[in-house]
Each structure stands twice: as structure tokens, then as C-alpha cells.
Number of protein chains: 2
Amino acid sequence: MPSPEEQGLPLEEMTYRRLREALVSGAVLPGDRLSIRGVAASLGVSAMPARTALRRLAAEQALDMLPSGTAVVPRLTRAGFAELSAVRAELEPLAVRLAAAHLPEADLAELAGLVAAHDAAREAADADAAQAADRDFLFRIYRAAQAPLLLGLIETLWLRRGPLFRSVGALVAASGGLRHNHAAMLDALRRGAGEAAAALLRREIEEATRFIQSKVRFEGDDTAAERLAAIGRAGRNAEVRAPVSLSLHRRRTKRPE
Amino acid sequence: MPSPEEQGLPLEEMTYRRLREALVSGAVLPGDRLSIRGVAASLGVSAMPARTALRRLAAEQALDMLPSGTAVVPRLTRAGFAELSAVRAELEPLAVRLAAAHLPEADLAELAGLVAAHDAAREAADADAAQAADRDFLFRIYRAAQAPLLLGLIETLWLRRGPLFRSVGALVAASGGLRHNHAAMLDALRRGAGEAAAALLRREIEEATRFIQSKVRFEGDDTAAERLAAIGRAGRNAEVRAPVSLSLHRRRTKRPE
DNA sequence: CCTGACATTATGTGATCACATTTCCACCGT
DNA sequence: ACGGTGGAAATGTGATCACATAATGTCAGG
């Protein structure tokens, strides 16, 4: 059952968008296997568009591929998350610098509106809306950079972060949330201070990364480490590294529908 | 006729690698259309692997897609090249910083060998070999960063630069070539000075970019601008921007085989 | 209760075909 | 000579099938 605005689109495009949405919304979880016939049946399309869409996501690194060719929603390890954040901390400030050169007044007004929307959503304790406003704020700037290659890279980074983000969202909101100072960034952009705005964004990304790393339990640094520590002499909790191989035979979450 | 080391690989992987090689080697030129049946016939495979490989390259932004779905080798405009270089100048130094943390002695020795190979190739006036040694030197470091996501991004950047690179290669060699100070970078890495090595690489990328931008005529900044300037009052050569749309009906280079 | 081999199922790959659309080119009228 | 028009060739999309392989469950033996 295609949604209204999907009329006329190629089936492959529709399948791709739905899978993408499933990734960012958390409808599929890290570790889930996505088989060609499985998604084809789930989305009511034939195997061909499903295959193309899956391979496309894999090429964008939004999905991993087992050696057998099966697509799997990537598990974000602590190291992987750190790497992702490091790349974001380079590319997104670059986009801000590029955008600062040509931000028309209309865009600045729209950005101000998004800051206001964010604040309003926070007042209403609507974490999802606040988060959406933040995201729109940033991507409005990224689009203004008029750098299609860079924009595509940033989008794939966010896509890859998607699965994690959903599971952390509630936690972040409960902990008081990240306090993005987008108003200050907007001020810098108004002044044409691209470097300052970029520096603010970089700090924002780095702080959010530290916050999440301190709060979230990642794949791989799971209870195996604690079990090992418990078996060993108690007291010594330093230097305990979780061998990833130990968590291999953990039950994989099934997702039949 | 599959090459020896391609035995056992899926046809899609073989097709993908061949297309990739065709891109970086300059066997296909910017603006060339790559049709499914065309590459299938050229590479002796059926339409299916050809389709998959083309879509994969497109997802990696190594190929552009016309609205009709036909793949086309991207034309690199001046702005596009500047963007590509800006992204490289952020990501590749990041990889150097990450790699500096864990570079075993064996890798350092290998890097020294590559620097020597580069110098030897320069002595022999073998521009291709010197360039290959430079490339290997950098990617050895990037791989050592143990950041698969970042490495994948860097590879797609180089892939997209591929078509241009070939056409510029001879020019660069004739002009005396870029003098990459990889020996200094290796020294910095030996000292564990990751930041210094990263700064050296950034300067190298920025200088190479400036050099190429000063020497190369890109798609879009072609003679249309000059014709416009000639039509207008002579003398005023400032502010003449080449409208891209003017070069649209230029003859497209055919590439039947 | 666990471990191994075996049969069954699921899955990816590749091939081929039909169909709608786009692209290209020759032809014709002005 | 120029430009529009028609049709033929080329092209992408999607569907379906066959085949090899990987994954899974089963069952007998320890």
C-alpha cells in the first residue's frame, strides 16, 4: 500500500525510502538481518526492487553485508561511534563554514524560526519535536552550503547513526537533554563569522559524543566484561576489555514482521 | 575473460571492480554514458551484474544518475573540485591523526620503503610510479587508522577524483610535479606527532588543489565565458561568470567501445 | 543434556523476458 | 536551410525462474 506521495515513484525508490525510514525510526534494530525476500514480502514489492534498495543502502554504508551477502543492520560499537563522531566533527563544521559565505536573509529568518520552534518544543517537554527542530536547523545550513557531495556524506553519517539515536533518544531526554546553543550559532552566522559558528558546532558534536559515550552501553562492551571481572579477583575493575567474540552467540533479535 | 585473481568472485564484484578501474584509469571520460546493456556487453557479463555494479557506483557518488536512470561519468566542475578538495583536507588529516596513535614499527618501515620508492621513481622520471608510491604511502596510513567508515569515505573521494586525475597527471608531471614531502610526514609519525603529520598532509592537499586549479580548465568555466566577455565591452574581465546552461548543447563524447 | 552429522529450508546470485519510457535520427513541411 | 514530427532503436524497471550456497532445524549417539 503505497503512501500518497509515493505515487509514480519507481518501486526501488519507494523501497529504499521505506528502509531508510525504518532505519532512522528504529523499526529495525541493530543486528537484524534484512533478507531480500523478507523485505520484499514486508513491503509488498517483488524481489528485484528489494534487492536493489538493500544493495544501495549497503553501498552507502547504512547497512552492513555479511560475507554471504545478507544485509544486516549495523551494530554500533563504542569505537564505531567514536569514529562516526570524529568524522562528523570534521565534516559538519566544514559545511557550516561553506554555508556562512552565502546565507541569504530568508534562510537566516527560517533558522531563527527553527530555534524558536526548538525552544517551544522544549518548553512543552516534547523531546521528539525539539530534536527534529535541531536536526532541521542543522540541515538547513548544510543545504545552504551548496556542496552536494558534502551534503550526501553528512546524510549517510546521520543515517548510520540512526539506529543508535532512537534508542538513546529517550535516555537523552530523561537526562535533561543536550542543550544545543543553536541561538549562539545563528548569531555567529548573522555576523558572517563562519569560523566561530563552525567552532560552536564542533564543540556541540564533541560534547554530545562525550555525553552519549558516558551514558550508553554499546554493543561489545556488554556484560561479558562484568562477568569476566566478577570471575577474576574482585576489586580490580581497570583494564577490563570486553572481547567482542564472547558476545557472539547471544540470541539474535528476530523480526519476522 | 576474467583475470586470474578474479576467479571465484561474484560477477557483480568483478564488474564493479572493472568499472572502478575504468574510472580511475581514465578509460571512461567525464560525460560518458554507461548503459546497463552497454557495460554488460563490454565486460562479457549479463545485464544483472552490470546493473548492480552501476547502481553501486552511483550510490557511492562515483557515478551520476540522469533522471532517466542512465549512469553518467560525473563532470568535475571547478566548484565540485574545490568541494572535493575541502572534504579531503578535513578527512585525510583526521585519518592521519587516528593512525598516529597505533602505528607499529613494521608499518613505519613499510612507509619508509614507499618514500624511497617514490624518490627512485622520480629519479627515473617515472611519474606514474611516483604517483602510485605516493598513493600507497597515504593509504597505508589510512588503513592503519583502523577506521573502516572513514576509510570507505576517503576511498569514494579518490574514486570521484579519478576521472580528473588521469587527465591532469601528464600536466602535473610536465610541470615538475607536486613535491610531496612525505619524508617529513613520516618523521612526524615516527615521533608520534600525529598533529604535525596531519597538518603536513593538509598543507599538501591544499597546495595540490591550488596548483591544479591554476593549471586546469574545468567543465563549465569553458570558452562560453570568454565568448561572453568578447561580446560585451572589452576590458572588463572581472565578474564574468560562466552560465553552466550555456554549455548544455555541447556535443557529448561518444564512446561506443 | 550436549554434540555431531544430515536433511530441509532460506537466501543470494545470475539470467532472461516483457513492458513503459526515453533517446535518437531520418523525414517532411515550411 | 531550418525546425518540428514521427517512428524505430535503445534503455531502465520490474518480474520470474534456476541454481549454488548458506543457514537452520532434526535426530541419533555419546
Side-chain angles (χ1 to χ4, degrees), chain A residues 1-2 6-19 28 31-60 62-75 248-257, chain B residues 1-2 6-19 28 31-59 62-74 248-257:
Chain A
M1 48 184 72
E6 283 168 345
Q7 289 292 1
L9 282 173
L11 288 183
E12 185 274 335
E13 185 70 23
M14 188 196 79
T15 309
Y16 168 76
R17 296 191 184 186
R18 295 227 182 151
L19 284 177
V28 294
D32 281 355
R33 282 170 152 79
L34 299 180
S35 76
I36 294 177
R37 290 170 175 83
V39 309
S42 299
L43 299 186
V45 297
S46 82
M48 180 67 61
R51 191 207 306 208
T52 315
L54 284 173
R55 304 302 293 267
R56 181 170 166 192
L57 268 323
E60 292 171 352
L63 288 177
D64 286 342
M65 285 290 239
L66 301 179
S68 69
T70 306
V72 48
V73 182
R75 301 177 133 96
L248 275 190
H249 60 300
R250 186 168 37 178
R251 204 85 204 101
R252 185 166 290 109
T253 47
K254 276 290 187 54
R255 175 156 291 273
E257 197 59 26
Chain B
M1 47 184 72
E6 283 168 344
Q7 289 292 359
L9 282 172
L11 288 184
E12 185 275 335
E13 184 70 23
M14 188 196 79
T15 309
Y16 168 76
R17 295 191 186 187
R18 294 224 180 156
L19 284 177
V28 294
D32 282 354
R33 282 170 152 78
L34 298 180
S35 77
I36 295 176
R37 289 172 176 84
V39 309
S42 298
L43 300 186
V45 298
S46 82
M48 180 66 61
R51 189 204 309 204
T52 315
L54 284 173
R55 305 303 293 268
R56 181 169 165 192
L57 268 323
L63 288 177
D64 287 341
M65 285 290 238
L66 301 179
S68 68
T70 307
V72 48
V73 182
L248 274 190
H249 59 301
R250 187 169 37 178
R251 204 87 204 99
R252 186 165 290 109
T253 49
K254 276 289 186 53
R255 175 155 292 273
E257 195 57 27

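Chain A is the first sequence line, chain B the second, and so forth, proteins listed ahead of strands; every chain is numbered from 1.
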Integer-rounded Å distance: C:dG12 P and A:Arg33 CZ: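 Result: 10 Å.
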Interatomic distance, A:Glu13 CD vs D:dG14 C1' [rounded to whole Å]: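 Between C1' of D:dG14 and CD of A:Glu13: 15 Å.
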Give me the distances for all protein-to-nucleotides 10-13 of chain D N/O pairs that come in under 3.5 Å?
unit_1 : atom_1 : unit_2  : atom_2 : d
D:dG12 : OP2    : B:Ile36 : N      : 2.8
D:dG12 : N7     : B:Arg37 : NH1    : 2.8
D:dG12 : O6     : B:Arg37 : NH2    : 3.1
D:dT13 : OP1    : B:Arg55 : NH1    : 3.4
D:dT13 : OP2    : B:Arg55 : NH1    : 2.9

Worked check of side chain to side chain contact (heavy atoms under 4.5 Å, CB included) between B:Glu12 and B:Met48: CA-CA 8 Å; B:Glu12 185 275 335; B:Met48 180 66 61; over 6 Å; no
Side chain proximity check, [X] to [Y], heavy atoms < 4.5 angstrom:
| X | Y | value |
| --- | --- | --- |
| A:Leu63 | A:Val73 | yes |
| A:Arg17 | A:Leu9 | yes |
| A:Arg33 | A:Leu66 | yes |

side-chain hydrogen bond (donor to acceptor under 3.5 Å, both in side chains) partners for A:Ser35, two or more places apart: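 Scan of A:Ser35 (side-chain hydrogen bond (donor to acceptor under 3.5 Å, both in side chains), adjacent residues dropped) gives none.
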